[in-house]
Amino acid sequence: MSYQVLAPMAGSIYRIEVIEGDAVTEASVLLIMESMKMEIPVEAMFAGKVSKIHCSVGDLVDQDQLLVCLLYTSPSPRDGLLSRMPSSA
């Protein structure tokens, strides 16, 4: 399933930290926006894979404009912290 990462406010794209195909974790910085002379990190809301980047450095974007599409990757059953499988105790 693909999810859209939208611009939190109007501004410009200052730096892009990922490329298409990158695996990201929850809270990974995808890009940095600049608005009102402040740098605003735009983060992944969950672990996944960057499927498409819809902006370039220097682009002026509006609030809620599409920036990045992420593909959700489900947690591995082998990961004890994220597994939904009952533990054998």
Side-chain angles (χ1 to χ4, degrees):
M1 177 168 256
S2 182
Y3 291 90
Q4 298 178 340
V5 178
L6 307 177
M9 62 178 52
S12 64
I13 304 301
Y14 178 68
R15 187 170 61 233
I16 299 175
E17 299 288 331
V18 295
I19 60 173
E20 291 178 8
D22 276 358
V24 296
T25 58
E26 182 178 349
S28 292
V29 175
L30 303 173
L31 56 88
I32 307 288
M33 289 184 61
E34 186 176 51
S35 182
M36 298 182 290
K37 300 191 184 214
M38 296 185 327
E39 292 183 9
I40 299 102
V42 177
E43 301 176 342
M45 53 281 217
F46 53 80
K49 185 176 180 179
V50 177
S51 61
K52 182 76 176 157
I53 299 173
H54 293 273
C55 59
S56 300
V57 172
D59 285 358
L60 296 176
V61 296
D62 294 322
Q63 182 174 359
D64 295 329
Q65 184 171 328
L66 176 62
L67 301 175
V68 177
C69 285
L70 290 178
L71 290 175
Y72 175 74
T73 53
S74 58
S76 169
R78 294 183 184 156
D79 185 344
L81 296 175
L82 298 176
S83 177
R84 296 176 190 218
M85 300 177 70
S87 61
S88 56

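Heavy atoms only, all atoms of each residue included: Ala44 and Val24 are closest at CB-CG2, 4.0 Å. In terms of heavy-atom proximity, Ile16 sits nearest to Ser56 at CD1-CA, 3.9 Å. Nearest heavy-atom pair, Ser51 versus Ser2, reported as atom, atom and distance to 0.1 Å: OG-OG, 4.2 Å. Residues Met33 and Pro8 approach most closely at SD-CD, 3.6 Å, considering heavy atoms.
Leu67 and Val29 fall into different hydrophobic clusters, defined by Ile, Leu, Val, Met, Phe, Trp and Tyr side-chain heavy atoms under 4.5 Å apart, directly or through other members. In this structure, Tyr3 is a member of the same hydrophobic cluster as Val61, with clusters built from ILVMFWY side-chain heavy atoms closer than 4.5 Å. Ile19 and Ile13 fall into different hydrophobic clusters, where Ile, Leu, Val, Met, Phe, Trp and Tyr are joined by side-chain heavy atoms under 4.5 Å apart, directly or via other members. Taking hydrophobic clusters as Ile, Leu, Val, Met, Phe, Trp and Tyr residues chained together by side-chain heavy-atom distances below 4.5 Å, Val68 shares a cluster with Val57.
Rounded to the nearest 0.5 Å, atoms CD (Gln65) and NE2 (His54) are 10.5 Å apart. Within the model, atoms CG of Leu60 and SG of Cys55 stand 11.5 Å from one another, a figure rounded to the nearest 0.5 Å. Taken from OH in Tyr72 to CZ in Phe46, the straight-line distance is 8.0 Å, to the nearest 0.5 Å.
Within the 4.5 Å cutoff, side-chain heavy atoms of Leu6 are placed close to those of Leu66. Leu70 is listed as a side-chain neighbour of Val50, based on a closest heavy-atom distance under 4.5 Å.
Judged as a side-chain hydrogen bond (donor to acceptor under 3.5 Å, both in side chains), and not counting sequence neighbours, the contacts of Thr25 are Ser28.
Residue pairs that meet the salt bridge (Lys or Arg N to Asp or Glu O under 4.0 Å) test with at least one member in residues 26-36, sequence neighbours left out, do not exist here.
A 6.0 Å sphere centred on OH of Tyr14 holds no more than 12 heavy atoms belonging to other residues, nucleotides or ligands.
Side chain of Glu17 to main chain of Ile32: no donor-acceptor pair is present (N/O by atom type, distance under 3.5 Å, no hydrogens or angles).
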